[in-house]
Protein chains: 2
Amino acid sequence: MTWTYEFPRPALTVDCVVFGLDEPELKVLLIRRDLKPFRGKWALPGGFVHVDETLEDAARRELREETGVEQLYLEQLYTYGDVDRDPRERVVTVAYYALVKLSDHRVVAATDARDADWFGVHDLPQLAFDHARILDAAYHRLQNKLRYEPIGFELLPKKFTLRQLQRLYEVILDRTLDKRNFRKKILSTGVLQELDEMETNVAHRAARLYRFNQKHYRDMVKRGIHFEI
Amino acid sequence: MTWTYEFPRPALTVDCVVFGLDEPELKVLLIRRDLKPFRGKWALPGGFVHVDETLEDAARRELREETGVEQLYLEQLYTYGDVDRDPRERVVTVAYYALVKLSDHRVVAATDARDADWFGVHDLPQLAFDHARILDAAYHRLQNKLRYEPIGFELLPKKFTLRQLQRLYEVILDRTLDKRNFRKKILSTGVLQELDEMETNVAHRAARLYRFNQKHYRDMVKRGIHFEI
DNA sequence: TCCACTTAGTGTAGAATAAACACTAACAGG
DNA sequence: CCTGTTAGTGTTTATTCTACACTAAGTGGA
């Protein structure tokens with residue numbers, strides 16, 4: 001079966017930049033292409049948008065199919081429509097970026113016959129198409145977003161220590177932060193819930209565990225209160 | 001001539017939210033639909049992306065064709081891909097927002113047989129498709145962007161007074177600002193070039209004219225210095 | 001010519017926020 | 001019990017933000 005239109009139509013795809021925190025590094029999930037253009041090169045997971053699914057659905061489906069990743073924070077990044085970004089034909093791609101808890105997805109690569117792997121954001125291979133540019137934009141967006149939205153928690157396990165959280169900010173923002181100032185600021189936002197639990201299996205004093213208080217954050221948003229770090 | 005594909009493809013369009021400052025109000029440029037769905041309703045200017053033009057080129061072309069607007073600041077906003085956002089068929093639209101100097105485009109409506117007009121952002125008619133949602137997102141984006149990028153100047157004539165600039169910020173941010181604090185802050189950013197000219201034809205003390213110093217701003221960006229108001 | 005009206009243009013003090021900085025406490029392991 | 005490692009905590013200073021009111025300059029009309 002084929003589909004016919006009066007005018008030529010660009011192909012429409014989605015591509016995803018999936019970030020995961022593999023302390024002490026921020027990593028990105030890439031797949032190795034097994035098809036014609038850029039065969040063997042690494043690329044962002046992604047694929048065609050079906051005519052009966054939303055863009056976000058397409059992104060989630062492709063991620064599941066190609067990498068097995070399922071529970072994730074997903075947000076649209078930008079749409080890339082340069083005429084020659086794909087050598088075969090006109091392809092417009094809606095890029096998304098995603099944050100996953102690596103604690104849940106450590107063995108992603110095994111899920112599919114597809115060759116998938118995590119790469120440090122500062123240690124990337126050559127990428128197919130304009131994916132390097134997309135990845136770069138996603139990383140910058142993540143850096144900005146982190147400062148005024150509480151999305152870092154999407155990269156950590158449900159329960160975490162303040163030290164883990166600070167390291168996350170340091171790794172993503174690519175600079176060191178003052179411990180006391182960081183703790184004061186993050187606690188003052190009120191989005192952290194102190195738990196009655198402590199870290200275990202560490203060879204030093206155990207730190208208290210916290211979790212992200214999503215309910216409280218949504219309340220803040222309703223009341224027009226801004227998160228900022 | 002027709003075009004045939006192995007799988008069905010969504011149609012791809014661009015839509016533009018064009019802002020203009022018509023003191024003392026922020027206005028948006030809309031066109032009245034003369035075609036089937038939502039006929040007679042107002043809608044954002046836009047149309048199909050040709051297979052040999054970039055998304056931004058498509059946006060500029062549609063604006064020129066439908067409204068005659070040409071010199072403008074244009075930036076991608078978001079891509080809307082809900083399955084049923086167009087009752088006829090699957091249409092994915094890449095939304096842009098634009099800022100124009102109304103001083104240059106006051107008589108836009110006359111440019112085309114098409115019915116086009118400016119509407120106050122707080123006094124909009126019912127819009128076709130999901131355009132109300134797009135417009136809303138564009139307005140919020142503009143409000144945010146205004147605070148950390150010097151884009152307000154795109155809405156003013158080349159030479160303007162501090163009062164005009166302050167009113168622009170007030171109109172877009174929808175709150176009053178303190179005159180002295182505003183002047184201090186905006187002047188301290190260094191992006192304004194003081195001219196040796198004064199306002200004319202006003203029934204009161206004439207104010208000094210300024211212009212946006214683009215060169216200086218680009219230098220700031222290179223040096224990593226942030227604009228913020 | 002002077003009076004009324006309108007907007008231009010300017011500084012300061014107090015409050016809030018951000019930045020810099022160092023030590024003791026707790027725990028594990030040898 | 002000693003060593004090593006991280007947890008956890010306050011204060012001072014600098015910077016930034018906020019609130020606030022008067023004089024100067026020009027037009028237009030009485």
Side-chain angles (χ1 to χ4, degrees), chain A residues 21 23-24 143-144 146-148 150 156-157 159-171 173-211 220 224-229, chain B residues 21 23-24 143-144 146-148 150 156-157 159-171 173-211 220 224-229:
Chain A
L21 186 72
E23 293 180 76
Q143 289 185 318
N144 282 321
L146 191 64
R147 294 192 31 225
Y148 59 91
L156 292 177
K159 303 170 180 182
F160 49 84
T161 67
L162 291 183
R163 175 182 177 78
Q164 281 179 288
L165 188 59
Q166 179 177 344
R167 287 208 48 79
L168 181 152
Y169 274 84
E170 289 180 334
V171 166
L173 300 179
D174 211 13
R175 64 192 165 97
T176 60
L177 301 172
D178 178 83
K179 186 162 104 171
R180 280 175 290 191
N181 291 341
F182 177 78
R183 293 162 93 98
K184 254 182 295 181
K185 233 198 226 165
I186 197 79
L187 288 175
S188 77
T189 64
V191 301
L192 289 190
Q193 175 169 0
E194 183 180 314
L195 299 177
D196 282 334
E197 282 175 78
M198 295 291 177
E199 212 178 4
T200 54
N201 298 324
V202 286
H204 54 78
R205 174 173 176 184
R208 181 171 295 280
L209 292 172
Y210 291 80
R211 67 183 191 79
M220 282 173 56
I225 302 170
H226 238 314
F227 174 89
E228 192 175 340
I229 209 68
Chain B
L21 186 72
E23 292 180 76
Q143 289 185 317
N144 282 320
L146 191 65
R147 295 193 30 225
Y148 59 90
L156 291 178
K159 303 171 181 182
F160 50 83
T161 66
L162 291 184
R163 175 182 178 75
Q164 281 178 290
L165 188 60
Q166 179 177 345
R167 288 206 47 77
L168 181 152
Y169 274 84
E170 290 180 334
V171 166
L173 299 179
D174 211 11
R175 63 189 166 97
T176 60
L177 301 173
D178 178 82
K179 184 162 104 171
R180 281 175 289 189
N181 293 340
F182 177 79
R183 294 161 91 97
K184 255 181 295 180
K185 234 198 227 166
I186 197 81
L187 289 175
S188 76
T189 64
V191 300
L192 288 189
Q193 176 168 1
E194 184 178 313
L195 298 177
D196 282 333
E197 283 174 78
M198 296 290 178
E199 215 178 1
T200 53
N201 299 323
V202 286
H204 54 78
R205 175 173 174 184
R208 181 171 296 279
L209 292 173
Y210 291 80
R211 67 181 190 82
M220 282 173 55
I225 302 168
H226 237 315
F227 175 90
E228 192 176 340
I229 208 72

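Chain A is the first sequence line, chain B the second, and so forth, proteins listed ahead of strands; every chain is numbered from 1. Computed from heavy atoms alone, side chains included, the values below leave out hydrogens, waters and symmetry copies.
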(request) Check DNA chain D against residues 181-191 of chain B and give the residues with a non-hydrogen atom under 4.0 Å, in numerical order. (result) N181(B), K184(B)
(message) I need a per-nucleotide contact map over nucleotides 2-7 of chain C, read 5' to 3'. Cutoff is protein heavy atoms under 4.0 Å; write B for the base, S for backbone only, - otherwise.
(response) ----BB
(message) Looking at L177(A), is its backbone amide N or carbonyl O close enough to the side chain of Q166(A) to form a donor-acceptor pair, meaning the two atoms are under 3.5 Å apart?
(response) yes
(message) If you compare all heavy atoms of V202(B) against all heavy atoms of R205(B), which two are closest, and at what distance to 0.1 Å?
(response) CG2-O, 4.4 Å
(message) Looking at every heavy atom in both I186(B) and T189(B), which two are closest together, and how far apart are they?
(response) O-OG1, 2.7 Å
(request) Please find the earliest and latest nucleotides of DNA chain D, in the 5' to 3' direction, that have an atom within less than 4.0 Å of any heavy atom of chain A. (result) dG4(D) to dT11(D)
(request) Quick one: closest heavy-atom pair of I229(A) and K185(A), and the distance? (result) C-NZ, 3.6 Å
(request) Measure from CD on Q164(B) to C1' on dA8(C) and round the result to the nearest Å. (result) 14 Å
(message) Check whether E199(A) reaches the backbone of A207(A) with its side chain - one donor and one acceptor, N or O, closer than 3.5 Å.
(response) yes
(request) May I ask you to test the R167(B)-E170(B) pair for a side-chain heavy-atom distance under 4.5 Å? (result) yes
(message) Any heavy-atom pair between the side chains of L156(B) and L21(B) that's under 4.5 Å?
(response) yes
(request) Provide the closest heavy-atom pair for E194(A) versus Y210(A) in the form atom of the first, atom of the second, distance. (result) CA-CD2, 3.5 Å
(message) Is it the case that the side chain of R208(B) and the backbone of L195(B) share a donor-acceptor pair, with hydrogens and angles ignored and the cut-off at 3.5 Å?
(response) yes
(message) On the side chain of R180(A), is there an atom forming a donor-acceptor pair with the base of dA22(C) - under 3.5 Å, no angle test?
(response) yes
(message) Measuring only between side-chain heavy atoms, which start at C-beta, is L192(A) closer than 4.5 Å to F160(A)?
(response) yes
(message) Pick the closest DNA chain C nucleotide for T161(B) and for D178(B) by heavy atoms, then say which residue is nearer the 5' end.
(response) T161(B)
(message) Just the rounded figure in Å: distance from C1' of dA8(C) to CD of E197(B).
(response) 17 Å
